[in-house]
Every structure is written in structure tokens, then in C-alpha cells.
Amino acid sequence: MNDQPQISHPDSANSAAVPAFAEPGVPQIRTLNVPAMQALYVKEVRRFFKVQLQTIWAPAVTTLLFLVIFTVALGGAGRKVIGVPFADFVAPGLIMMAMLQNSFANSSFSLLVGKIQGTIVDYLMPPLAVGELIIALIGAAITRAVLVGLALWVAMLLWPGVHVGPDHLWAVALFGLLGAMMLSFLGLITSIWAEKFDHAAAVTNFVVTPLALLSGTFYSVDRLAPWFQGVAHANPVYYAIMGFRYGFIGTVDSTIAHPVLTAAVTLIAVNAALGVLTYRLLTSGWKLKA
């Protein structure tokens with residue numbers, strides 16, 4: 001017979017009702033995990049900011065050289081496009097093109113480098129839902145795009161003969177955000193699919209660059225042959241650049257009905273489709289989990 005006194009915990013009556021550990025697969029964080037999202041977002045921003053000479057300033061300088069070359073070669077003698085000077089027409093397109101390319105570059109690097117270096121577990125193990133992971137990664141890519149766009153905009157403000165004062169600030173913000181988000185989703189999908197840097201470079205060279213260069217950045221789409229206008233209208237990047245340019249010069253180079261509204265609806269639809277695809281890929285663990 002055991003004569004030792006029985007010591008009971010004050011919460012012993014409830015200990016049976018509250019298990020020490022949760023059942024497998026039962027979420028314990030039932031609200032948006034803001035601290036974890038913020039930590040991942042800051043980590044991704046710090047990653048590209050540590051090499052800002054390569055990720056922000058180099059793209060800005062390269063795009064500024066495009067502006068110099070095209071305005072010197074094609075913008076002389078008072079040439080105008082859709083009623084505005086050629087330099088004013090091409091400058092917003094160049095800003096948007098740089099933002100798109102850099103948002104893609106940032107998001108396409110995130111998961112890919114983890115797979116190559118064997119640190120993908122750092123993205124998969126933390127208590128982050130798939131949606132929270134997407135928000136953090138896409139947010140960091142958009143941040144890089146905005147920083148590149150701001151650097152270019154300030155440089156073009158100081159450039160003689162170029163006027164980039166926005167006429168419709170809401171359009172600049174809306175289409176800049178939608179365009180950067182679209183390429184961020186595409187970059188994240190590429191990061192999931194790619195197994196080495198060559199795969200991401202192939203998407204950049206054969207998908208992103210042609211979409212950007214054939215989007216009316218350097219020319220007016222309404223002057224193209226009808227069949228080529230149809231090709232341009234099937235390019236979602238065209239709508240991002242058209243809407244972004246509208247925010248600066250107040251006019252568009254399109255004959256479609258309600259062009260600004262059509263551009264906004266198209267980009268929202270494309271972003272929604274890419275977002276759903278990204279979510280399903282991450283949820284399935286395709287090419288991420290053994």
C-alpha cells in the first residue's frame with residue numbers, strides 16, 4: 001500500500017480535456033499569422049536589398065539607357081505619338097517594363113534557390129499557410145518592382161526633355177500594382193517548376209522578354225497591321241503598360257471600347273487565374289516535397 005500523499009495539479013481536472021499536443025493536422029493558429037508573414041517578407045526584402053546595386057540600381061540604369069537611345073534615335077524633329085512627344089510616350093512604358101521584369105526576377109528566385117541549396121525546408125516547415133506564404137513572397141517581389149520604378153521615375157524627372165508627371169495617379173498605382181503582381185505570380189510558378197537556374201533563365205528569355213518587348217513599350221499598337229494588333233491585344237503585358245501609360249499622359253493607343261476599364265478587368269482576371277494556379281501548385285507540393 002502506497003502511503004505517499006497524492007499531489008494534484010490545480011488544472012488536473014481539465015488536464016484530460018486539454019491534450020498536451022494537438023492532433024496531427026489540426027491547426028493551432030486559426031487566424032492570419034501576421035508575424036510569420038512579416039518575418040518572411042522582411043527576409044525576402046533584405047535578400048535583394050543586400051545586393052541593391054544589382055537588383056535595383058543596375059536595372060534602373062539599363063532602362064534609362066533605353067530611354068536615351070530611343071529618344072536620340074527616334075525622338076528627334078519633334079516627333080509625336082498619339083499626340084504626345086515620343087519621349088513622354090516611351091518613358092512610362094520603360095518604367096513599367098522594368099517593374100515587370102524585376103518583379104518576375106525576384107519571385108522566380110525565391111523557392112528555386114531553396115531547392116538548389118537544400119534550404120527549401122525553411123519555407124515549408126514554418127507555421128505559414130499556403131496563402132500566407134504567397135502573400136509574403138509576392139509582396140516582396142512587388143516591393144522590389146516599386147523601388148525600381150521609383151528610381152527610374154526620379155531619374156526621368158531630372159532628365160531634360162522628358163515629362164513624367166502623372167495625370168491620373170490612381171491609374172499609375174493600380175496598373176503598376178496589377179502588372180507587378182501578374183509577373184510576380186508567373187515568377188513564383190516558375191520557381192516551383194524550375195529545377196535549376198537555366199530553367200528560370202529560359203522562361204525569362206523566351207516568355208517574359210518577348211511579352212515585354214511586344215507590348216507596345218516602344219511603339220503605338222494602333223499603327224500596326226490588324227492581325228498584329230490582335231496579337232498585341234492577346235498579350236496581358238500590353239494592358240499593364242497601356243493602363244500605366246494612361247496614368248502619365250492621359251491617353252491610350254487602343255481602338256478597343258473602354259480601353260482603361262478593359263485593361264483593368266483583364267489584369268484582374270489574369271491575376272486571379274495565376275493566383276489560383278500558384279495556390280494549387282503549392283498546396284500539392286509539386287516539385288517541392290518528396
Side-chain angles (χ1 to χ4, degrees), residues 32-59 97-149 176-209 211-212 237 240 270-290:
L32 199 63
N33 194 352
V34 176
M37 279 196 306
Q38 182 180 359
L40 180 56
Y41 169 80
V42 171
K43 178 254 184 189
E44 290 294 312
V45 171
R46 285 180 175 176
R47 176 176 60 80
F48 75 75
F49 216 78
K50 283 183 178 180
V51 286
Q52 57 180 289
L53 193 64
Q54 173 189 350
T55 56
I56 298 176
W57 302 112
M97 185 178 73
M99 292 176 63
L100 296 176
Q101 291 176 337
N102 281 275
S103 61
F104 174 85
N106 198 82
S107 60
S108 65
F109 188 81
S110 298
L111 298 180
L112 177 58
V113 71
K115 291 195 290 186
I116 293 176
Q117 295 180 348
T119 58
I120 190 66
V121 67
D122 294 339
Y123 292 93
L124 302 179
M125 288 298 293
L128 274 168
V130 172
E132 295 165 348
L133 179 67
I134 292 174
I135 291 173
L137 295 178
I138 297 298
I142 294 175
T143 300
R144 175 173 167 181
V146 170
L147 291 176
V148 172
L177 176 63
L178 290 176
M181 186 183 301
M182 177 175 64
L183 268 293
S184 298
F185 277 126
L186 182 60
L188 194 51
I189 292 171
T190 300
S191 187
I192 297 170
W193 164 76
E195 297 178 356
K196 52 185 179 179
F197 291 120
D198 289 349
H199 292 163
V203 177
T204 300
N205 294 328
F206 298 112
V207 178
V208 177
T209 300
L211 288 176
V237 177
V270 172
N271 273 298
L274 291 176
V276 170
L277 177 59
T278 304
Y279 186 89
R280 291 180 65 88
L281 290 176
L282 285 174
T283 302
S284 68
W286 181 61
K287 291 201 171 185
L288 296 177
K289 302 176 182 178

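Keep in mind the model is a prediction, meaning the values are calculated, not measured. All residue numbers in this chain count up from 1 along the given sequence.
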- Task: Could you list the residues that satisfy side-chain contact (heavy atoms from CB on, under 4.5 Å) with Gln54, not counting sequence neighbours?
- Result: Val51
- By salt bridge (charged side-chain N to carboxylate O under 4.0 Å, His left out), Arg280 pairs with (sequence neighbours left out) none
- Message: Is it the case that the side chain of Asp122 and the backbone of Gly114 share a donor-acceptor pair, with hydrogens and angles ignored and the cut-off at 3.5 Å?
- Response: no
- Message: Please list all pairs meeting salt bridge (Lys or Arg N to Asp or Glu O under 4.0 Å) that have one or both residues in residues 100-118, counting only residues at least two apart or in different chains.
- Response: none
- For residues Leu137 and Leu111, determine if any side-chain heavy atom of one lies less than 4.5 Å from a side-chain heavy atom of the other. yes
- Message: To check you understand the geometry: which heavy-atom pair defines the closest contact between Ala212 and Gln101, and what is its length?
- Response: CB-NE2, 4.3 Å
- Please list, chain by chain and in numerical order, all residues satisfying side-chain contact (heavy atoms from CB on, under 4.5 Å) with Ile135, sequence neighbours excluded. Met37
- Which of these passes side-chain contact (heavy atoms from CB on, under 4.5 Å) with Leu133: Leu188, Leu40, Asn33? Leu40
- Please collect all side-chain hydrogen bond (donor to acceptor under 3.5 Å, both in side chains) contacts where either partner lies in residues 176-190, sequence neighbours excluded, each pair once. none
- Task: Mind checking the CE-CG spacing from Met97 to Leu211? Nearest 0.5 Å is all I need.
- Result: 12.5 Å
- Contacts of Ala145 that satisfy side-chain contact (heavy atoms from CB on, under 4.5 Å) - sequence neighbours left out: Met99, Ser103, Ala180
Compile the donor-acceptor pairs under 3.5 Å between side chains in residues 196-207 and protein atoms, sequence neighbours left out, one pair per line.
from	atom 1	to	atom 2	distance (Å)
His199	ND1	Glu195	N	3.1
Thr204	OG1	Ala200	O	3.0
Asn205	ND2	Ala201	O	3.1

- Between the main-chain N or O of Trp193 and the side-chain N or O of Lys287, is there a donor-acceptor pair closer than 3.5 Å? yes
- Item | Side-chain heavy-atom pair Met182, Leu186 within 4.5 angstrom cut-off | no
- Can you sort out the partners of Val130 under side-chain contact (heavy atoms from CB on, under 4.5 Å), two or more places apart, ordered by chain and number? Ile134, Tyr279, Leu282, Thr283
- Is the backbone of Val148 close enough, under 3.5 Å, to the side chain of Asn102 for a donor and an acceptor to pair up by distance? no
- Message: So, using side-chain hydrogen bond (donor to acceptor under 3.5 Å, both in side chains) as the criterion, who are the partners of Thr55 when residues are at least two apart?
- Response: none
- Task: Tell me, with the steps shown, if Ile142 and Ile138 meet side chain to side chain contact (heavy atoms under 4.5 Å, CB included).
- Result: CA-CA 6 Å; Ile142 294 175; Ile138 297 298; 3.8 Å; yes
- Among all residues two or more places apart in sequence or in another chain, which pass the side-chain hydrogen bond (donor to acceptor under 3.5 Å, both in side chains) test with Glu44? Arg47, Ser110, Tyr123
- Item | All side-chain hydrogen bond (donor to acceptor under 3.5 Å, both in side chains) counterparts of Trp57, not counting sequence neighbours | Gln52
- Message: I'd like to know whether Val208 forms a side chain to side chain contact (heavy atoms under 4.5 Å, CB included) with Leu100, so could you lay out the CA-CA distance, the side-chain angles of the two residues, the decisive distance to 0.1 Å, and finally the verdict.
- Response: CA-CA 9 Å; Val208 177; Leu100 296 176; over 6 Å; no
- Query: Which pair of non-hydrogen atoms, one from Ile189 and one from Thr278, has the smallest distance, and what is that distance?
  - Reply: CG1-OG1, 3.3 Å
- Task: Could I get the full list of side-chain hydrogen bond (donor to acceptor under 3.5 Å, both in side chains) partners for Tyr41, not counting sequence neighbours?
- Result: Thr143
